[in-house]
Amino acid sequence: KKQSLAIQGGLTHSGTFQSNLDSEFYPSVIIKGSYAADDKEGTVTPVFRYKSFVAGDVSELKTPAVSITLSELIAQNETMPLLEESANSNHFAIGTYDNVNKTYGTLDGDTDGATMLTPGIGYRMRATTGAQGSNTLSMTGIPRTGAIQIPLNFTGDTWNLIGNPYTSAIKVGDFLTENTTLLDESHYGIYGWNGTGWVTYNNNNGSELIAPTQGFFVAAKSTGNINFTSSMQTTNSTDDFISGRATTTNTAIKLNLTSTSATAKTAVYFNENGTANFDLGYDSARFDEGNNTNLGIYTTYANDFDTTELSIQTLPNTELDETTIPIGIVTPAGVALTINAINNLPYVIYLEDRVKGLWHNLSVSDYSFVSQENLSGTGRFFIHTQTEALNNDKKNIENIKLTVTGKTVKIHRTDTSPLSITVYNLKGQLVFSKPLYNHENQFTMNDASGIYLVNLESQSSKTTFKVIIK
């Protein structure tokens, strides 16, 4: 327990060879060579057993550590039974991903007992009882030691549920390098479920480990075979993707969007591999498999032509200072949400909310809000990096009225103190900016019809209006 083992020259054993683990540590067992079970005395059948965890409060993505049938898996885990989908059936909460219908299948203990669960193919699993990480799943059989190929399914959508087939951890970077030509370029990486939301790994965090039995999604570029090789194996050990695992430290801003029941994540890395546009291997579009959650957060490029919703974006490390990044949020109306930032940049990180007309210092505290309407795009939220804290003690401008007639916007106010106006479209692009001095001001929006944000700001006050130009 909490140890790893590399066996040179293969393994032949009698009796029981078993790995033990806890909820935060999956030991690595590497067998370099062949495997054989030898019943020398003829009295005890040799057993190779690897243990994993399946949570009782969330579904997990898993792959078996040994080749095993459904009946064998159920029989070996009677004290920790897999969840049945219906009280009146023998359908279990274990199944592969259906690319055509974008759903998970279930297996019937009566009719699918002989179905072989294959290492490398991913399955959704859930246990009947127990807190997260408390259910030990035992798997007895013959471990895989050599190269393994898993066919990619390119029918329906491009997502394939696979998993680490070895009894040891493998590195994300080694897996991606081996399978680069098979992966969809915009979704280059692996996508894991952490119990409440999706997590993404690409070349920015290639040193991260994929635990034994851990399942994950990849997006296929075409048909072919995903390759797992024994050279990917490492004696380093790790936790699975379920919330709580530690991650590597890179120069990055990591944003978490949290409701009472779900979490969504996005990250922006800064290094020499990044540009302001698409970077193969370092930018990864977000995962939206089967609409598993109504909650999402992502970034987009700060340009006019690429609206890709990114789970991971990489920018040049020369642009750490004074950077503006559009943020997209997906949520139904009326949900209480919190945004927080994990940031190791030597700068202050601000979240701008253009609907409320404020900048919030995420380096100091989280930002909480309830949207009064469904959100599904960019234009409201932006991340800014600043060398120093800003003065945000501004109150709303009083005694001001804004009206819209066609493409004409009129602003009425009771004083003539200096006031600046800036207008943005929902992509966050500046439409125009100018000072205002009169009681009555008007301007014509010659741009395309749509929704715009009008920011009015004086030295001590500011207000934001949302206007619809028809």
Side-chain angles (χ1 to χ4, degrees), residues 194-199 243-270 286 293-300 302 310-313 315 319-373 375 377-397 422 424 428 453 455 457-464 466:
N194 71 0
T196 58
W198 294 102
V199 290
S243 297
R245 87 178 250 158
T247 57
T248 53
T249 301
N250 294 302
T251 304
I253 303 170
K254 299 180 180 180
L255 299 177
N256 299 314
L257 176 68
T258 306
S259 69
T260 56
S261 60
T263 299
K265 299 174 179 288
T266 191
V268 180
Y269 289 85
F270 296 86
R286 80 183 186 100
T293 175
N294 290 322
L295 191 69
I297 186 170
Y298 58 89
T299 68
T300 61
L310 297 166
S311 176
I312 296 178
Q313 180 176 179
L315 295 173
E319 296 186 6
L320 291 170
D321 183 19
E322 307 294 333
T323 296
T324 298
I325 305 165
I327 303 296
I329 287 180
V330 179
T331 180
V335 178
L337 299 173
T338 298
I339 300 174
N340 66 47
I342 301 172
N343 163 43
N344 60 6
L345 274 64
Y347 301 106
V348 181
I349 305 302
Y350 280 94
L351 177 72
E352 180 187 6
D353 185 338
R354 288 187 177 169
V355 169
K356 292 188 176 182
L358 58 81
W359 287 40
H360 181 85
N361 189 341
L362 287 177
S363 299
V364 174
S365 62
D366 300 345
Y367 181 70
S368 298
F369 70 101
V370 178
S371 176
Q372 301 304 312
E373 59 187 2
L375 296 180
T378 57
R380 174 172 176 174
F381 296 102
F382 296 82
I383 287 293
H384 301 273
T385 60
Q386 298 286 330
T387 55
E388 59 185 20
L390 302 175
N391 179 13
N392 276 337
D393 299 328
K394 292 187 176 182
K395 300 179 181 179
N396 286 338
I397 300 175
T422 51
Y424 298 90
L453 299 177
N455 292 340
E457 186 168 1
S458 68
Q459 288 187 344
S460 60
S461 307
K462 59 183 178 181
T463 294
T464 300
K466 180 185 288 187

Any side-chain heavy-atom pair of [X] and [Y] under 4.5 Å:
{"X": "Val370", "Y": "Val335", "answer": "no"}
{"X": "Tyr298", "Y": "Ile327", "answer": "no"}
{"X": "Tyr350", "Y": "Ile383", "answer": "no"}
{"X": "Lys265", "Y": "Asn194", "answer": "yes"}
{"X": "Ile297", "Y": "Val330", "answer": "no"}
{"X": "Leu337", "Y": "Leu295", "answer": "yes"}

task: Determine, stepwise, if the pair Ile339 / Asn256 fulfils side-chain contact (heavy atoms from CB on, under 4.5 Å).
output: CA-CA 6 Å; Ile339 300 174; Asn256 299 314; over 6 Å; no

task: With sequence neighbours excluded, give me every salt bridge (charged side-chain N to carboxylate O under 4.0 Å, His left out) pair touching residues 324-352.
output: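 Every pair satisfying salt bridge (charged side-chain N to carboxylate O under 4.0 Å, His left out) with a residue in residues 324-352: Glu352-Arg354.
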
Would you say Asp353 and Tyr367 are linked by a side-chain donor-acceptor pair, where the criterion is simply a distance under 3.5 Å?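 Their side chains do contain a donor-acceptor pair, which is all the 3.5 Å distance test asks for.
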
I need the minimum non-hydrogen distance between Ala264 and Gly296, along with the two atoms involved.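 Reported closest heavy-atom pair: CB-CA, 3.8 Å.
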
Discussion item. Using every non-hydrogen atom in the two residues, find where Lys254 and Ala267 come nearest and quote the distance to one decimal.
Written reply: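 Nearest pair, atom of Lys254 first, then Ala267: CG-CB, 4.0 Å.
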
Counterpart residues, side-chain hydrogen bond (donor to acceptor under 3.5 Å, both in side chains), relative to [X] (two or more places apart):
{"X": "Thr299", "answer": "Gln313"}
{"X": "Asn343", "answer": "none"}
{"X": "Thr324", "answer": "His384"}

**OP:** With sequence neighbours excluded, give me every side chain to side chain donor-acceptor pair (under 3.5 Å) pair touching residues 325-338.
**Re:**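 Residue pairs with at least one partner in residues 325-338: Thr338-Ser368.
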
Report task. Return the set of residues passing side-chain contact (heavy atoms from CB on, under 4.5 Å) with Val364 (not counting sequence neighbours), or none when no residue passes. Result ->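 By the side-chain contact (heavy atoms from CB on, under 4.5 Å) rule, Val364 matches Asn361.
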
side-chain contact (heavy atoms from CB on, under 4.5 Å) between Arg286 and Leu310, worked out: CA-CA 5 Å; Arg286 80 183 186 100; Leu310 297 166; over 6 Å; no

Q) Can you list the steps and then say if Phe369 with Phe381 is a ring pair (Phe, Tyr, Trp, His ring centres under 6.0 Å)? A) CA-CA 12 Å; Phe369 70 101; Phe381 296 102; 5.1 Å; yes

Might you work through the side-chain contact (heavy atoms from CB on, under 4.5 Å) test for Thr323 and Leu315, ending with a clear yes or no?
CA-CA 10 Å; Thr323 296; Leu315 295 173; 4.0 Å; yes

Could you give me the CA-CA distance, side-chain angles and deciding distance for Leu362 and Asn340, then say whether side-chain contact (heavy atoms from CB on, under 4.5 Å) is met?
-> CA-CA 6 Å; Leu362 287 177; Asn340 66 47; 5.7 Å; no

